[in-house]
Amino acid sequence: MISIQSQVVHGHVGNSAAVFPMQAKGLSVAAVPTALFSNHPHYPTMHGQILGPELVAGLLRGVEERGLLDSAAAIITGYLGSVANAEIVADFIARARQRAPGLLHICDPVMGDDDLGVFVAEGLVEIFRERLVPQASLITPNRYELELLAGTEARSMDGIADAMATLCRNGSQAAVVTGCVLNDTASGSVETVAWSPTGMSRTAVRRLPIRPCGTGDLFTALLTARLCAGEALLRAAEGATMEVFSVLERTQACTTAEMAITGFRFADRPPPAPAEAAAS
């Protein structure tokens, strides 16, 4: 497993949210940072920097030189930080897919959210839309990001299907869209919608009165781990949703600002069925 995204010293976003859960599920993870920060930007102060493209390119060359593409089942791409980094990562993905055609590329197009708008550098939306998403086997945007990519509203199941039809360049692509409050979503709930050319599913959980950063990064990691273990997409999306919900319940009980992933038993499977969790 190769995971290309940000890293923080304190907290759980980017690789700092993704690596431990995937390791706990038995995956060997090569974590390639695109940024190194003291913490995520929602604190009063933040230190560190987006890594330079020469450094990111060198790290990815090392991945290739050590033969990691020959053993990896999947590559995750998340927060990339700069247009230059995104171009380098897109080139790396192209080389990787040529060398290992069966390699999964799970693209989490980290660009923004409903309440924050677009929070990445100018030009990154276009690179995600024009280079990284077309190369991906699976994308994991939130609903806002899906709309950015497709240039159309996705406020219903039909809307999500139409947006993916706009983005889909080949029959092997799929999407799992997080943070969905659709026109028929039950009050007090939030949904995850999985889409493939052959079907769709939706998994609803209670909306909790907390919003720690990194939930999308954690979700993508857990989804990827389940796919690598052989689960079908729709079941994997349900399971990863319920695992994230369990982490958030634990976080709420711990009254911590960061996700309470340390000590969480990610290796325990399966999680509670969606109907059981919704009733609890």
| task | Taking the side chain as every heavy atom from C-beta outward, state whether Leu104 and Leu138 have any atom pair closer than 4.5 Å. | result | no
| request: Would you mind reporting whether Ser189 and Val205 have side-chain heavy atoms less than 4.5 Å apart? | output: no
| Is there side-chain contact between Leu208 and Glu249, with at least one heavy-atom pair below 4.5 Å? | yes
| request: Identify the heavy atoms of Met22 and Ile76 that sit nearest to each other, and give their distance. | output: SD-CD1, 3.8 Å
| Thr178 side, atom OG1; Tyr144 side, atom OH - distance, nearest 0.5 Å | 14.0 Å
| Are side-chain heavy atoms of Leu124 and Met111 found at a separation under 4.5 Å? | no
| How close do Pro21 and Leu218 get, heavy atom to heavy atom, and via which atoms? | CG-CD1, 3.6 Å
| task | Go through the steps for Val177 and Asn142 under the test side chain to side chain contact (heavy atoms under 4.5 Å, CB included), then give the verdict. | result | CA-CA 5 Å; Val177 188; Asn142 59 40; 5.8 Å; no
| message | For the CD1 atom of Ile4 and the CG atom of Asp108, what is their distance to the nearest 0.5 Å? | response | 12.5 Å
| query | Less than 4.0 Å between a side-chain N and a carboxylate O, is that true for Asp184 and Arg202? | reply | yes
| Under-4.0 Å salt bridge between Glu64 and Arg61 | no
| Hey, are the side chains of Phe92 and Thr77 touching, using non-hydrogen atoms and a 4.5 Å cut-off? | no
| query | Are any of the side-chain heavy atoms of Phe128 and Ile139 separated by less than 4.5 Å? | reply | no
| query | To the nearest 0.5 Å, how far apart are CZ in Arg265 and OG in Ser246? | reply | 13.0 Å
| query | Strictly by modelled atom types, are Ser3 and Asn15 linked by a side-chain donor-acceptor pair under 3.5 Å? | reply | yes
Extract all donor-acceptor atom pairs below 3.5 Å that involve side chains of residues 42-49 and protein atoms in other chains or at least two apart in sequence.
unit_1 : atom_1 : unit_2 : atom_2 : d
Tyr43  : OH     : His10  : NE2    : 3.3
Tyr43  : OH     : Glu258 : OE2    : 2.6

| field | Over all atoms of both residues, closest heavy-atom pair of Ser196 and Leu233 | value | CB-CD2, 4.1 Å
| message | Can you confirm whether more than 12 heavy atoms, excluding those of Glu122, are under 6.0 Å from its CD atom? | response | no
| request: Under the side chain to side chain contact (heavy atoms under 4.5 Å, CB included) rule, what do Arg143 and Leu182 come out as? Steps first, then yes or no, please. | output: CA-CA 9 Å; Arg143 187 198 51 77; Leu182 304 179; 4.3 Å; yes
Tell me which donor-acceptor pairs under 3.5 Å the side chains of residues 152-161 have, and how far apart each pair is, sequence neighbours excluded?
unit_1 : atom_1 : unit_2 : atom_2 : d
Arg155 : NE     : Glu147 : OE2    : 2.5
Arg155 : NH2    : Glu147 : OE1    : 3.2
Ser156 : OG     : Gly159 : N      : 2.9

| remark: Of all heavy-atom pairs linking Leu69 and Ala100, the shortest is O-CB, 4.0 Å
| Would you say the side-chain atoms of Asp217 pair up with the backbone N or O of Ala17, donor to acceptor, closer than 3.5 Å? | no
| Partners of Thr34 by side-chain hydrogen bond (donor to acceptor under 3.5 Å, both in side chains), sequence neighbours excluded? | none
| Where do Pro212 and Ala257 come nearest, in terms of heavy atoms and distance? | CB-O, 3.6 Å
| query | Side-chain donor-acceptor pair under 3.5 Å between Glu191 and Thr185, yes or no? | reply | yes
| task | Output the distance between atom CG (Leu148) and atom CZ (Arg129), rounded to the nearest 0.5 Å. | result | 7.0 Å
| remark: The side-chain hydrogen bond (donor to acceptor under 3.5 Å, both in side chains) partners of Thr241 (sequence neighbours excluded) come to Thr192
| field | Interatomic spacing from CZ in Arg95 to CG in Asp91 - rounded to 0.5 Å | value | 6.0 Å
| field | Candidate pair Arg226 and Leu222, rule side chain to side chain contact (heavy atoms under 4.5 Å, CB included), full reasoning | value | CA-CA 6 Å; Arg226 286 173 171 271; Leu222 295 171; 5.5 Å; no
| said: Show, in sequence, the C-alpha distance, side-chain angles and deciding distance for Val181 and Arg207, and conclude whether the side chain to side chain contact (heavy atoms under 4.5 Å, CB included) test is met. | reply: CA-CA 10 Å; Val181 178; Arg207 181 184 289 276; 2.9 Å; yes
| query | If only atom types and distance count, is the side chain of Thr215 paired as donor or acceptor with the main-chain N or O of Arg211 below 3.5 Å? | reply | no
| field | Partners meeting side-chain hydrogen bond (donor to acceptor under 3.5 Å, both in side chains) with Gln135 (sequence neighbours left out) | value | none
| task | Applying salt bridge (charged side-chain N to carboxylate O under 4.0 Å, His left out), run through Glu87 and Arg131 and close with a yes or a no. | result | CA-CA 8 Å; Glu87 294 281 12; Arg131 295 206 61 193; 2.6 Å; yes
| Do the side chains of Phe20 and Val9 join up, straight or via other hydrophobic residues, at under 4.5 Å, putting them in one cluster? | no
| Minimum-distance pair of heavy atoms, taken over all atoms of Val110 and Phe119 | CG1-CE1, 3.8 Å
| query | Below 4.0 angstrom, N of the basic side chain to O of the carboxylate: do Lys25 and Glu243 qualify? | reply | yes
| field | Within-4.5 Å side-chain heavy-atom neighbours: Ser137 and Gln173 | value | no
| said: Would you compute the distance between atom CE of Met1 and atom OG of Ser28 and round it to the nearest 0.5 angstrom? | reply: 9.5 Å
| Thr251: partners by side-chain hydrogen bond (donor to acceptor under 3.5 Å, both in side chains), with sequence neighbours left out | none
| Residue pair Gln5 / Val32, side-chain heavy-atom distance below 4.5 Å | no
